[in-house]
Undergrad: 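So that we are looking at the same thing, I have put the structure below in structure tokens.
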Amino acid sequence: MAKTPIGLEPVVGSLTPSKKREYRVTNRLQEGKRPLYAVVFNFIDSRYFNVFATVGGNRVTVYQCLDGGVIAVLQSYVDEDKDESFYTISWACNIDGTPFVVAGGINGIIRVIDASNEKIHKSFVGHGDSINEIRTQPLKPSLIVSASKDESVRLWNVHTGICILIFAGAGGHRNEVLSVDFHPSDIHRIASCGMDNTVKIWSMKEFWTYVEKSFTWTDLPSKFPTKYVQFPIFLASVHSNYVDCSRWLGDFILSKSVDNEIVLWEPKMKEQSPGEGTADILQKYPVPECDIWFIKFSCDFHYNAAAIGNREGKIYVWELQSSPPVLIARLSHAQSKSPIRQTATSFDGSTILSCCEDGTIWRWDAVPTD
């Protein structure tokens, strides 16, 4: 278990906004009555950088951000099971470039929806409980990873429908897995975190032949020799409570718990003894009134900024490439009072979306500077 060394004090950001960038509300949509748990821009395909998707209840909706604050509805998919409640969504694509939206939730089934014809391309059954997060491998966007209440993380190929690897077992999570993320440049690494208060880093390096095999497999997906990865290469207890969102920032990790802050830390591994090492906490980004779980932050494509909502409907936008941390903006509106479950930051950071417990979507746009 990684320990935090004594004497290295993390740098804590000030909550006084720098006003480096100002944002204003340009749109507010009421999607329905049910809570919206996830919103995400499509960073997979440059043709669709202004397209985003939301999930709430048994519905997946695809929108486009147009100029002047306009939000156009492009597609809506309603799951056949009216008791389904989707918690997460991610963009992926087939090997021919067809865009997919991938959603999962309370039923534990992953729906891969072909956005070109609005039909289900595949349904993945395998998780034993609800799915809390799905993420897409940016370098190979037909690979997705899912984090589940069943204490496992699974790697899937959306092209062939194969479950390639299951990260669980002796060294796995001991409670719900709430978040998972692919390393941006090291294709073999993922990080996961959850209700056991830990963040784990896993390597797929020695199993990579199975990943390659999943693209050419022609037999039934159920006959694929799915491998269990039982031991992470690193384990850290940076937080003393549930960890519900973690993202790589280069080789560093940004993670948040219910402690009203996002923490930036560096995993320092011991090559000789896998799983051990230290976690150097470098910076802290305070987020007031962010003490309920299942609130997820988002970053722009180049990881210049992170946006996170809180339980009172406010958004904090932090600059990620500065030390000490700089609060770019604090966004609030008299009518935005509901907990923000997730934000989505556009490719260049100029638009920030939030999806809320009360079924609303808010759009904030950067005010142009003269």
Side-chain angles (χ1 to χ4, degrees), residues 37-45 48 51-55 60 62 77 79 86-105 107-116 120-150 152-168 177-194 202-204 207-208 210-215 217 221 224 226-227 229 245-248 296 298 342 344:
Y37 285 111
V39 56
V40 63
F41 274 106
N42 184 350
F43 287 171
I44 300 296
D45 190 326
Y48 308 122
V51 172
F52 69 93
T54 61
V55 286
V60 174
V62 178
Y77 162 80
D79 198 82
F86 289 122
Y87 296 150
T88 180
I89 187 154
S90 188
W91 290 92
C93 68
N94 212 338
I95 50 171
D96 63 0
T98 306
F100 288 150
V101 271
V102 188
N107 283 347
I109 299 166
I110 297 173
R111 300 288 191 200
V112 182
I113 302 156
D114 184 330
S116 67
I120 288 192
H121 168 72
K122 295 250 189 300
S123 292
F124 297 157
V125 179
H127 276 299
D129 215 321
S130 54
I131 292 157
N132 291 317
E133 190 158 74
I134 295 168
R135 299 283 285 173
T136 301
Q137 164 53 257
L139 307 170
K140 270 194 189 298
S142 348
L143 296 177
I144 61 157
V145 69
S146 53
S148 171
K149 186 176 179 176
D150 70 6
S152 79
V153 169
R154 289 176 178 241
L155 178 74
W156 309 83
N157 184 321
V158 294
H159 169 59
T160 53
I162 285 167
C163 178
I164 310 165
L165 301 173
I166 301 173
F167 302 87
V177 191
L178 297 176
S179 184
V180 62
D181 196 33
F182 284 101
H183 192 287
S185 56
D186 180 346
I187 200 162
H188 300 126
R189 284 195 180 183
I190 61 170
S192 61
C193 62
W202 306 83
S203 174
M204 300 181 259
F207 304 98
W208 199 250
Y210 292 92
V211 177
E212 288 170 343
K213 194 186 285 184
S214 75
F215 282 92
W217 189 257
F224 188 83
T226 302
K227 279 282 172 222
V229 183
C245 190
S246 58
R247 300 285 181 259
W248 291 94
K296 297 182 186 266
S298 67
Q342 191 168 19

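Worth saying up front: this structure is predicted, and the values here are computed from it rather than measured.
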Undergrad: Considering only heavy atoms from C-beta outward, does the side chain of Trp208 approach that of Leu165 to under 4.5 Å?
TA: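 No; the side chains remain at least 4.5 Å from each other.
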Undergrad: Does Gly108 offer a backbone N or O that forms a donor-acceptor pair with the side chain of Ser130 under 3.5 Å?
TA: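 No, Ser130 side chain to Gly108 backbone: no donor-acceptor pair under 3.5 Å.
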Undergrad: Going from NE2 on His159 to NE2 on His121, what distance comes out if it is rounded to the nearest 0.5 angstrom?
TA: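 Here the interatomic distance stands at 7.5 Å.
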Undergrad: Quick check: does any side chain N or O of Ser179 sit under 3.5 Å from a backbone N or O of Ser246, one acting as donor and the other as acceptor?
TA: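 Confirmed, Ser179 side chain pairs with Ser246 backbone.
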Undergrad: Return the CG to CH2 distance between Asn157 and Trp217, rounded to the nearest 0.5 Å.
TA: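 Separation between the atoms: 12.5 Å.
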Undergrad: State the OG1-CG distance between Thr226 and Leu155, to the nearest 0.5 angstrom.
TA: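 The CG atom of Leu155 is 10.0 Å from OG1 of Thr226, to the nearest 0.5 Å.
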Undergrad: Quick one, Ser298 and Gln342 - any side-chain contact, counting heavy atoms below 4.5 Å?
TA: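 When only atoms from C-beta onward are counted, Gln342 and Ser298 do not touch, as no gap falls below 4.5 Å.
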Undergrad: Measure the CZ-CG distance between Phe86 and Asp79 for me, rounded to the nearest 0.5 Å.
TA: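 Output value for this atom pair is 4.0 Å.
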Undergrad: Are Arg135 and Arg247 packed together at the side-chain level, in the sense that at least one heavy-atom pair is separated by less than 4.5 angstrom?
TA: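 They are in side-chain contact.
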Undergrad: What are the two closest heavy atoms between Val229 and Ser203, and how far apart are they?
TA: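 Looking at all heavy atoms of both residues, the shortest contact is CG1-O, 4.3 Å.
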Undergrad: Is the shortest heavy-atom distance from the side chain of Met204 to the side chain of Phe182 under 4.5 Å?
TA: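 Met204 reaches Phe182 side chain to side chain.
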Undergrad: Is any side-chain heavy atom of Lys213 closer than 4.5 Å to a side-chain heavy atom of Phe224?
TA: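 A side-chain contact under 4.5 Å exists here.
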Undergrad: The criterion is side chain to side chain donor-acceptor pair (under 3.5 Å); which residues satisfy it with Thr88, sequence neighbours excluded?
TA: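 Thr88 satisfies side chain to side chain donor-acceptor pair (under 3.5 Å) with no other residue.
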Undergrad: Please name the pair of heavy atoms, one in Val153 and one in Ser192, separated by the smallest distance, quoted to 0.1 Å.
TA: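 Closest heavy-atom pair between Val153 and Ser192: CG2-CB, 3.9 Å.
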Undergrad: Can you give me the closest heavy-atom contact between Val102 and Ala92, atom names plus distance?
TA: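 That would be CG2-CB, 4.0 Å.
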Undergrad: Is any side-chain heavy atom of Asp114 less than 4.5 Å from a side-chain heavy atom of Phe100?
TA: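 A side-chain contact exists here, since the closest heavy-atom pair is under 4.5 Å.
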Undergrad: Give the minimum heavy-atom separation between Pro221 and Gly161, together with the two atoms involved.
TA: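 Taking Pro221 first and Gly161 second, the nearest heavy atoms are CB-O, 3.7 Å.
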Undergrad: Are Val62 and Tyr77 side-chain neighbours, meaning at least one heavy-atom pair lies under 4.5 Å?
TA: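 Val62 does not reach Tyr77 side chain to side chain.
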Undergrad: To the closest 0.5 Å, what do you measure between CD1 (Ile164) and OG (Ser214)?
TA: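 If I round to the nearest 0.5 Å, the distance is 3.5 Å.
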Undergrad: Looking at every non-hydrogen atom in both residues, tell me the closest pair between Asn42 and Asp45 and how far apart they are.
TA: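 So the minimum-distance heavy-atom pair works out to OD1-N, 3.4 Å.
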Undergrad: A quick test of your reading: do over 12 heavy atoms of other residues, nucleotides or ligands sit less than 6.0 Å from NZ of Lys122?
TA: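 Yes.
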Undergrad: Walk me through whether Ile134 and Ser146 qualify under side-chain contact (heavy atoms from CB on, under 4.5 Å).
TA: CA-CA 4 Å; Ile134 295 168; Ser146 53; 4.3 Å; yes
Undergrad: One pair to check against side-chain contact (heavy atoms from CB on, under 4.5 Å): Phe41 and Val51. What are the steps and the verdict?
TA: CA-CA 6 Å; Phe41 274 106; Val51 172; over 6 Å; no
Undergrad: Whether the side chain of Asp150 engages the backbone of Gly128 through a donor-acceptor N/O pair (distance < 3.5 Å, no angle test) should be reported.
TA: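 Checked: pair present.
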Undergrad: Check the pair Ile162 / Tyr210 against side-chain contact (heavy atoms from CB on, under 4.5 Å), numbers first and verdict last.
TA: CA-CA 10 Å; Ile162 285 167; Tyr210 292 92; over 6 Å; no
Undergrad: Do Ile187 and Leu143 have side chains that approach each other closer than 4.5 Å (heavy atoms only, starting at C-beta)?
TA: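 Not touching, per the 4.5 Å side-chain cut-off.
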Undergrad: What's the separation between atom CD1 in Ile110 and atom CD1 in Ile144, rounded to the nearest 0.5 Å?
TA: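 So the gap between those two atoms works out to 4.5 Å.
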Undergrad: Grab the two heavy atoms, one from Ser148 and one from Asn132, that are nearest each other, plus how far apart they are.
TA: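 Looking at all heavy atoms of both residues, the shortest contact is C-ND2, 4.1 Å.
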Undergrad: Indicate whether the side chain of Arg111 and that of Ser123 have a donor and an acceptor atom separated by less than 3.5 Å.
TA: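 There is such a pair (donor and acceptor under 3.5 Å, judged by atom type) between the side chains of Arg111 and Ser123.
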Undergrad: What orientation do Tyr37 and Tyr87 show, parallel under 30°, tilted 30 to 60°, or perpendicular over 60°?
TA: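 Because their plane-to-plane angle is over 60°, the rings of Tyr37 and Tyr87 count as perpendicular.
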Undergrad: Can you tell me if Thr136 and Ser90 form a side-chain donor-acceptor pair at under 3.5 Å?
TA: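 On atom types as modelled, these side chains qualify, holding a pair under 3.5 Å.
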